[in-house]
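Everything below concerns the one structure shown next.
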Amino acid sequence: MLVFKQIKKLRQHLDADDQRFLSIGFVPTMGALHEGHLQLMRKAKNENDLLIVSIFVNPIQFNNPEDLQKYPRTYDEDAQMLESVGCDVLFYPSVDEMYPEPEIIHYDFGLLAETMEGSARPGHFDGVAIVVRKLFDIVKPHRAYFGEKDFQQLAIIKELVRRNRIPVNIIPCPIVRERDGLAMSSRNARLTAKERAVAPKIYETLQDAVGLFPTNSPAQMKAWVRDRFQRVPAFQIDYVEIADDKMLQPLQGWSSAKGAILFVAIYLGQVRLIDNIRIY
Ligand code: AMP
């Protein structure tokens with residue numbers, strides 16, 4: 001695996017005669033890799049000539065300085081895992097390399113960014129859009145792979161690509177879970193043993209909630225989920241929402257025209273975890 005920290009060096013490599021006609025599958029990450037990331041990478045490796053991964057803990061998408069500071073950084077383990085999936089190129093830039101000067105772009109994603117992660121984390125999606133656009137510009141991938149764990153982020157990226165006519169195919173990938181159902185996340189490493197023990201109740205609750213469809217309304221289902229979460233003393237609810245799968249707008253009733261997804265964000269101590277499940 002080749003590792004590039006500089007944009008210029010990466011471009012020189014990719015523009016060389018023996019590389020420039022190869023198809024590129026790209027997986028942007030913030031490192032602290034786990035099986036969820038690796039599944040995206042295996043798919044990307046299978047579907048393209050080259051697998052390029054980036055590791056960049058993007059400061060401007062964090063609205064909480066402590067979350068940024070405590071974000072796990074495990075470069076040596078990450079590099080080994082990347083080798084194990086046959087990663088061809090790792091792009092591992094510094095903050096200065098990515099942002100030689102401050103970036104202040106405000107994207108208006110309209111309704112898409114107004115709910116859930118958009119309202120709970122002001123500025124978050126601007127930070128995501130800025131970095132992803134920049135990475136696409138640098139790597140120029142044919143296909144880019146994103147996890148449905150961050151479902152709203154995926155919708156925002158599709159919109160970013162559509163609006164700016166960026167020539168890349170966005171490939172959604174299903175959520176990868178631990179054996180006990182907890183959605184894999186780099187942040188899981190920050191849970192205490194006690195918190196880790198109750199964390200699977202997030203997904204258990206989501207699965208049970210889907211069983212309430214269609215006899216219960218979205219409002220009833222949400223109330224039921226909140227009630228179940230409130231019984232776990234370690235859980236602090238950030239949001240519970242049921243939204244359509246296109247515009248991510250809260251559903252008042254079960255619409256047959258759109259798919260519905262149940263989304264949650266929960267604090268376990270200092271650690272904020274998100275998850276979602278398709279209702280239909
Ligand atoms: P991150 O390093 O958290 O920014 O994630 C990088 C990519 O991996 C994003 O597209 C995430 O949606 C995806 N990802 C993270 N965790 C999972 C998971 N458990 N299942 C599927 N995709 C995931």
Side-chain angles (χ1 to χ4, degrees), residues 25-45 47 51-64 67-68 70-75 77-79 81-82 85 87 90-93 95 98 116-117 121 124-136 139 141 143-161 168-191 196 199-200 202-203 206-207 245 248 261 263-266 271-278:
F26 179 45
V27 182
T29 80
M30 298 204 297
L33 301 179
H34 51 67
E35 185 58 30
H37 295 116
L38 298 189
Q39 297 219 8
L40 269 59
M41 292 172 196
R42 289 192 193 102
K43 189 167 164 64
K45 177 84 184 175
E47 297 176 354
L51 166 60
I52 302 188
V53 172
S54 63
I55 295 182
F56 180 62
V57 182
N58 178 32
I60 63 170
Q61 76 184 66
F62 285 79
N63 54 325
N64 174 349
D67 189 26
L68 171 60
K70 298 221 167 125
Y71 200 84
R73 288 162 171 89
T74 56
Y75 180 81
E77 288 90 334
D78 289 355
M81 291 169 100
L82 291 173
V85 293
C87 175
L90 168 62
F91 180 48
Y92 183 54
V95 173
M98 287 296 280
M116 302 185 290
E117 294 302 287
R121 304 179 68 188
H124 170 65
F125 285 131
D126 281 338
V128 169
I130 290 168
V131 80
V132 169
R133 194 167 180 186
K134 207 156 190 159
L135 288 168
F136 283 172
V139 174
R143 300 184 188 85
Y145 298 76
F146 291 88
E148 288 180 338
K149 172 165 170 290
D150 301 280
F151 197 94
Q152 195 174 12
Q153 166 175 288
L154 178 61
I156 295 267
I157 290 166
K158 282 187 195 155
E159 180 63 12
L160 176 78
V161 163
V168 59
N169 256 312
I170 302 300
I171 316 284
C173 304
I175 303 178
V176 181
R177 300 180 179 281
E178 301 286 355
R179 291 167 77 99
D180 60 15
L182 177 64
M184 290 192 181
S185 164
S186 306
R187 290 185 174 87
N188 293 351
R190 291 184 50 211
L191 297 172
R196 179 63 188 81
I202 299 175
Y203 185 53
L206 297 189
Q207 282 179 301
D245 61 355
L248 288 301
I261 298 186
F263 294 92
V264 298
I266 301 280
V271 184
R272 184 174 181 278
L273 300 179
I274 58 171
D275 202 350
N276 69 75
I277 192 168
R278 183 171 285 277

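As the structure lists them, so they are numbered: ligands from 1, and atoms in each ligand from 1. Quick note: numbers below take in every heavy atom, side chains included, and nothing from hydrogens, waters or symmetry partners.
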Spell out, as yes or no, whether a donor-acceptor pair under 3.5 Å connects the side chain of [X] to the backbone of [Y].
X	Y	result
Asn276	Lys149	yes
Asp126	Ile60	no
Asp275	Val264	no
Lys45	Val85	no

As an exercise, identify every atom of ligand 1 less than 4.0 angstrom from a heavy atom of [X].
X	value
Phe146	10 (O)
Met184	16 (N), 17 (C), 18 (C), 19 (N)
Thr29	2 (O), 6 (C)
Ile175	20 (N), 21 (C)

Practice task
Between Leu40 and ligand 1, find which residue part has any heavy-atom pair under 4.0 Å and reply side chain, backbone, both or neither.
Solution key: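 Side chain only.
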Handout entry: Arg177 contact mode with ligand 1 (heavy-atom cut-off under 4.0 Å)
Key =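 Neither; nothing of Arg177 gets under 4.0 Å from ligand 1.
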Practice task
Report yes if some heavy atom in the side chain of Val57 is under 4.5 Å from a heavy atom in the side chain of Phe62; otherwise report no.
Solution key: yes
Exercise for the section: Taking the side chain as every heavy atom from C-beta outward, state whether Arg196 and Asp180 have any pair of such atoms under 4.5 Å apart. Expected result: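 SC-SC contact between Arg196 and Asp180 confirmed.
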Practice task
Taking all non-hydrogen atoms of both residues into account, name the closest pair between Pro141 and Phe26 and its distance.
Solution key: CB-CB, 3.4 Å
With respect to [atom], which of [options] exhibits the smallest heavy-atom separation?
atom	options	answer
atom 10 (O) of ligand 1	Gly31, Gly36, Gly147	Gly147
atom 16 (N) of ligand 1	Met30, Met41, His34	His34
atom 21 (C) of ligand 1	Ser185, Cys173, Pro174, Ser186	Pro174

Which residue holds the protein heavy atom closest to [atom], what is that atom called, and what is the gap in Å?
atom	result
atom 1 (P) of ligand 1	His37 NE2, 3.7 Å
atom 20 (N) of ligand 1	Val176 N, 2.8 Å
atom 6 (C) of ligand 1	Pro28 O, 3.4 Å

Practice task
Decide whether an N or O pair under 3.5 Å exists between Asp150 and ligand 1.
Solution key: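 Yes, since at least one N or O of Asp150 sits under 3.5 Å from an N or O of ligand 1.
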Handout entry: From CG (Leu40) to CD (Glu148), nearest 0.5 Å
Key =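 Answer rounded to 0.5 Å: 10.0 Å.
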Practice task
Rounded to the nearest 0.5 Å, what's the gap from CD on Gln153 to NE2 on His124? Could you check?
Solution key: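 Those atoms lie 5.5 Å apart.
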Handout entry: Heavy-atom gap Tyr71 to ligand 1 smaller than 4.0 Å
Key =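 Yes.
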